[in-house]
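On a predicted model such as this, the values are computed, not experimentally measured, just so you know.
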Amino acid sequence: MSKIQVPAVVDIIHKASEAVLGPVTYDHREVTEWNSQLCEAILKELVEMNQPYKFCVNCVIVQKCGGGLNASSAVHWSGETDGSASYCYENNSLQCVTSVYFLLA
């Protein structure tokens, strides 16, 4: 069994971000729904990889208005089997940072 490859996870995040957020303009009333749609779409694709991993998907969507966004995380896991992938998507009105953590079950 091989470790999940980070580029494959980044591709899943990228495609889901384009599908969910590509056609939208930032609207604070819709962000909660977009957040749920994006996380669920990514999780669905990860599970369909049929790998013995547990997944955690985190997504932050902010309005693009010139402000900064700083985020960090810390983990304690096996570097041989576990990993993470992050992707920053943006369009004209919003930025979205998505992180996926995958841990061997």
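- Nearest heavy-atom pair across Leu21 and Cys96 is CD1-CB, 3.6 Å.
- Closest approach of Ser93 to Thr25, counting heavy atoms only: OG-CA, 3.3 Å.
- Residues Tyr87 and Asp11 form no side-chain contact, since every pair of their non-hydrogen atoms from C-beta on lies 4.5 Å or further apart.
- To the nearest 0.5 Å, the span separating CG on Leu43 from SG on Cys56 amounts to 9.5 Å.
- Put simply, the side chain of Tyr53 gets close to the backbone of Thr81: a donor and an acceptor are under 3.5 Å apart.
- Taking all atoms of both residues into account, the shortest heavy-atom contact from Lys64 to Asn91 is NZ-O, 2.9 Å.
- Using a 4.0 Å cut-off between charged nitrogen and carboxylate oxygen, Glu48 and Lys44 count as a salt-bridge pair.
- The hydrophobic clustering, which links ILVMFWY residues whose side-chain heavy atoms are closer than 4.5 Å, places Val57 and Met49 together.
- Applying the side-chain hydrogen bond (donor to acceptor under 3.5 Å, both in side chains) test between Ser99 and each of Ser84, Ser73, Ser86 identifies Ser86 as the sole match.
- A distance of 4.5 Å separates CD1 of Ile61 from CG of Asn35, quoted to the nearest 0.5 Å.
- A distance of 9.0 Å separates SG of Cys65 from CD of Gln95, quoted to the nearest 0.5 Å.
- Across every non-hydrogen atom of Leu38 and Cys59, the tightest pair is CD2-SG, 3.5 Å.
- Two residues are said to be in side-chain contact when any heavy atoms from C-beta on lie closer than 4.5 Å; Val24 and Glu30 fail this criterion.
- Pro23 and Glu18 make their closest contact through CD-O, 3.8 Å (heavy atoms, listed as atom of the first residue, atom of the second, distance).
- The hydrophobic clustering, which links ILVMFWY residues whose side-chain heavy atoms are closer than 4.5 Å, places Val62 and Val97 together.
- Put simply, Tyr89 and Val6 are part of the same group of oily side chains (I, L, V, M, F, W, Y) that touch within less than 4.5 Å, one to the next.
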**Request:** Determine, stepwise, if the pair Asp82 / Val75 fulfils side chain to side chain contact (heavy atoms under 4.5 Å, CB included).
**Result:** CA-CA 10 Å; Asp82 307 331; Val75 297; over 6 Å; no

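- Residues Leu46 and Phe102 are not in side-chain contact: their nearest non-hydrogen atoms beyond the backbone lie 4.5 Å or more apart.
- Leu103 and Ile4 sit in two unconnected hydrophobic clusters of ILVMFWY residues. Membership requires side-chain heavy atoms under 4.5 Å apart, directly or through other members.
- Note on Val10 and Val60: separate hydrophobic clusters, where clusters join Ile, Leu, Val, Met, Phe, Trp and Tyr whose side-chain heavy atoms are under 4.5 Å apart, directly or indirectly.
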### Steps toward side chain to side chain contact (heavy atoms under 4.5 Å, CB included) verdict (Ser78, Leu104)
CA-CA 9 Å; Ser78 169; Leu104 189 61; over 6 Å; no

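- The shortest side-chain heavy-atom distance between Val31 and Tyr26 falls under the 4.5 Å cut-off.
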